[in-house]
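All remarks here apply to the structure that follows.
Starting from 1, each residue takes its place in the sequence as its number.
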Amino acid sequence: MAGIFDFAPAIVLFPFFSFVIALFAGRYMPKGGALAGIAATGGSLLLSIGVVLQVAGGGTYNQTIYTWAEGLEAVDLTFGLLLDPLSAMMLVIVSLVAFLVHVFSLGYMNDEGETGLPRYYAALGLFSASMLGFVVSDNLLMAFMFFELVGLCSYLLIGFWFREAGPPSAAKKAFLVTRFGDYFFLVGVVAVFATFGTAAFAGSEAFPVLAEEALAGEASVNTFGFAPQTWFTIVGLLVLGGVIGKSAQFPLHTWLPDAMEGPTPVSALIHAATMVAAGVYLVARMYGFYAVSPTALAIIAFVGGFTALAAATMGVVKREIKQVLAYSTISQYGYIMLGLGAGGYVAATFHLMTHAFFKALLFLGAGSVIIAMHHNEDMWDMGGLKEKMPVTYYTFLAGSLALAGIFPFSGFWSKDEVLYETLIHGLGSSPILLAAYAMGLVAVFFTGFYTFRMVFLTFHGEPRTATAEDPHGVRWNVKAPLVVLGTLAVVAGVVNMVPIEKLLGIGGIDFLHQWLDGGFESLTAHHYGDVLPYSSSYIGGEAATVAIGAAVSLGLAIGGALLARSLYDVPEPVEHTDRLGGIKTLLYNNYYQDEYQVWLAEEVVRPIARIADKFDQGVVDGVVNGISSVSLFTGSRMRRVQTGVVSNYAVLLTLGLTALLVVFGLMGGWFA
């Protein structure tokens, strides 16, 4: 197809080339290869905007670009591009955040005399290319390969400061915990091929389409003796293992807080647009398949709601600014999972978009503060930075208002739509969704509290250390990305102001719904609002349900923020969470999830592995080795008989014949 789609592969190739350039020539280039990365991600951003414009004009693109194995029992393994409204939107998000992170890195990494910059920018370029490749993948196997490459890049960047004690350990933890989930994902990929004979996301023979047709009795697929509905649920949950690992959902969330050991720009990229976003994007990409399994959707929703609440409670007691943001990320992706599981495909994708903007902003804002504080991340050593860092403060405040879900900032619109979709689908079909909704609603209060606790401790009050009294200045390459993202944190919600539409009956302000679920040609989405039944009756009518839900959610967010203000917006704040006693200890230690996982590995898995090892070596290998030993012993003895001397063979023949005559004679003369 003519047009910008012909150049779409360059969206992935540009940052890949920057990886190669920085890796092999970065040491000879200005800024350690940073300029190549900025140019590459800037080019990807421009092409991504072009893709959006062409999709808006009615175009889609689903094309195989390379076949690397064919004729494998009717299964072809291919690489291809899938460009439709969902992938086009995500391309802009990823390339924009990657571009701004590269620019910000000039101020965060280069101005500190950091060594190893070519390695840093090479990994950053490969990270960007991997996520962009994942976004445009047209089949599940290709997506899995880029999924794993994203994990490798996160390992390299989290452990960038490998000479220190913490980063290598955090990198290994991130790699191993996410790999555990990816084992299930890999089995799921195999199961998809074995079931449908294809892993394509789009087209008449795509596996989501075949699954729907199989349930309707219009197609025959291999379900290995299970009922189709049951088998599709099993396959969906296997793939979900990788999603839970990458998107840091309970119980595989423990790697993400430790990943803060990496450079702060890397944290922004991981949390906003790459590593953690990859999991939930995969569910959105496969939503046609998950739509055939209400059980899988209910599990996704419950995991999301539980994670949103649990992570929010842990965020209220953390001391380091990046740790608070890390638990915030876990919680917010819980909301995205909640929306996806509740049938709110558009609402969840909307929150994925707004979260990318305000979370990238908050991490980069935290990076600006960390520069000013000479890389001290403890909020209790800060204070009074509002007047000294006005650009950082006001942009950070915009991101905080969006994160807390305060009207009219972007997070308010997306988070409330997630909760609204969960409520009306829960009333219509599932107590599990209602329980998940309740957890998500309670998490709103904690989000407002920990967000503004962070703001007040960092920027308000009086400086609590000498460094806070005289902070290090930051340059334009730090401030410019903050201004761009701060603006988006304020205005991005206008693309889908569904509550206003439902309250006032005003059409035309639900652009994202039209973009993702009708109005524009899509290759994979087909009215996902009908996946789960809505409530047959609303609380006082649909408009009243929207108004009450939004008011309760906004009230809880403001209540949490006001409580934080009363406790921490004072000249000399004290840690009021100490009053929680043992509860604070429990929260500060993350519900002892790390200790539990270590205990599980050492006290349960390791003994079982030892028993299995002994059985394998003593029984399985013992039988095999015993048989082979008998064969070897017999062969070695028989080999001695084979001398090659004819007279020896004549003697043996004579002795054998004599032995036979004796035997037959003893048996009664049968020989006669």
Side-chain angles (χ1 to χ4, degrees), residues 66-78 139-142 144-145 148 152 172 175-176 179-199 207 214 220-228 230-232 234-235 237-239 241-242 599-672:
Y66 178 69
T67 299
W68 57 290
E70 61 182 348
L72 302 176
E73 296 184 1
V75 174
D76 294 336
L77 307 180
T78 63
N139 65 83
L140 190 61
L141 180 60
M142 179 180 172
F144 175 79
M145 296 172 70
E148 295 306 292
L152 171 64
K172 287 185 287 186
F175 192 81
L176 292 174
R179 284 301 75 67
F180 180 79
D182 290 348
Y183 293 144
F184 295 96
F185 185 9
L186 178 59
V187 176
V189 172
V190 175
V192 167
F193 271 110
T195 301
F196 303 103
T198 179
F207 72 90
S220 178
V221 297
N222 184 10
T223 59
F224 299 93
F226 292 91
T230 302
W231 178 244
F232 296 158
I234 293 171
V235 175
L237 293 179
L238 286 171
V239 176
W599 172 83
L600 189 65
E602 293 184 348
E603 303 300 328
V604 178
V605 176
R606 182 180 292 176
I608 293 175
R610 285 174 176 168
I611 294 172
D613 181 61
K614 290 181 179 179
F615 178 81
D616 180 53
Q617 294 190 31
V619 178
V620 178
D621 284 355
V623 172
V624 174
N625 292 339
I627 294 173
S628 65
S629 297
V630 171
S631 299
L632 289 172
F633 176 80
T634 305
S636 66
R637 293 300 181 268
M638 291 298 295
R639 185 174 58 192
R640 296 178 182 179
V641 176
Q642 303 296 325
T643 64
V645 179
V646 177
S647 59
N648 290 349
Y649 295 154
V651 171
L652 290 175
L653 285 172
T654 302
L655 291 175
L657 181 59
T658 302
L660 287 174
L661 291 172
V662 171
V663 169
F664 288 137
L666 293 174
M667 293 176 64
W670 288 359
F671 180 72

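- Aromatic rings from Phe232 and Phe207 are positioned such that their centres are separated by 6.0 Å or more.
- Residue Leu238 comes nearest to Gly188 through the heavy atom pair CB-CA, 3.8 Å, listed as atom of the first residue, atom of the second, then distance.
- Among all heavy-atom pairs drawn from Phe184 and Gly241, the shortest one is CB-CA, 4.2 Å.
- Distance CG/Asn139 to OG1/Thr198: 7.5 Å, rounded to 0.5 Å.
- Residues Pro228 and Thr223 approach most closely at CA-CG2, 3.9 Å, considering heavy atoms.
- Phe144 and Phe185 have perpendicular rings, their planes meeting at more than 60° on a 0 to 90° scale where under 30° would count as parallel.
- Of all the heavy atoms in Val192 and Ala199, the pair that sits closest is CG1-CA, 4.1 Å.
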Notebook entry, point to check: Could you walk me through whether Asp616 and Asp621 pass the side chain to side chain contact (heavy atoms under 4.5 Å, CB included) check?
Noted result: CA-CA 6 Å; Asp616 180 53; Asp621 284 355; 3.9 Å; yes
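- Using a 4.5 Å heavy-atom threshold, the side chains of Phe193 and Leu141 count as touching.
- Applying the ring pair (Phe, Tyr, Trp, His ring centres under 6.0 Å) test to Tyr66 and every residue at least two apart in sequence or in another chain returns nothing.
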Got a list of side-chain donor-acceptor pairs under 3.5 Å for residues 606-615, not counting sequence neighbours?
{"unit_1": "Asp613", "atom_1": "OD1", "unit_2": "Gln617", "atom_2": "NE2", "d": "3.0"}
{"unit_1": "Asp613", "atom_1": "OD2", "unit_2": "Gln617", "atom_2": "NE2", "d": "3.0"}

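- No side-chain heavy atom of Asn222 sits less than 4.5 Å from a side-chain heavy atom of Trp231.
- Taking CG of Leu657 as the reference point, atom CG of Leu653 lies at 8.5 Å (rounded to 0.5 Å).
- Residues forming a salt bridge (charged side-chain N to carboxylate O under 4.0 Å, His left out) with Arg179 (at least two apart in sequence, or on another chain): Glu148, Asp182.
- To the nearest 0.5 Å, atom CG of residue Leu655 and atom CG of residue Leu660 are 11.0 Å apart.
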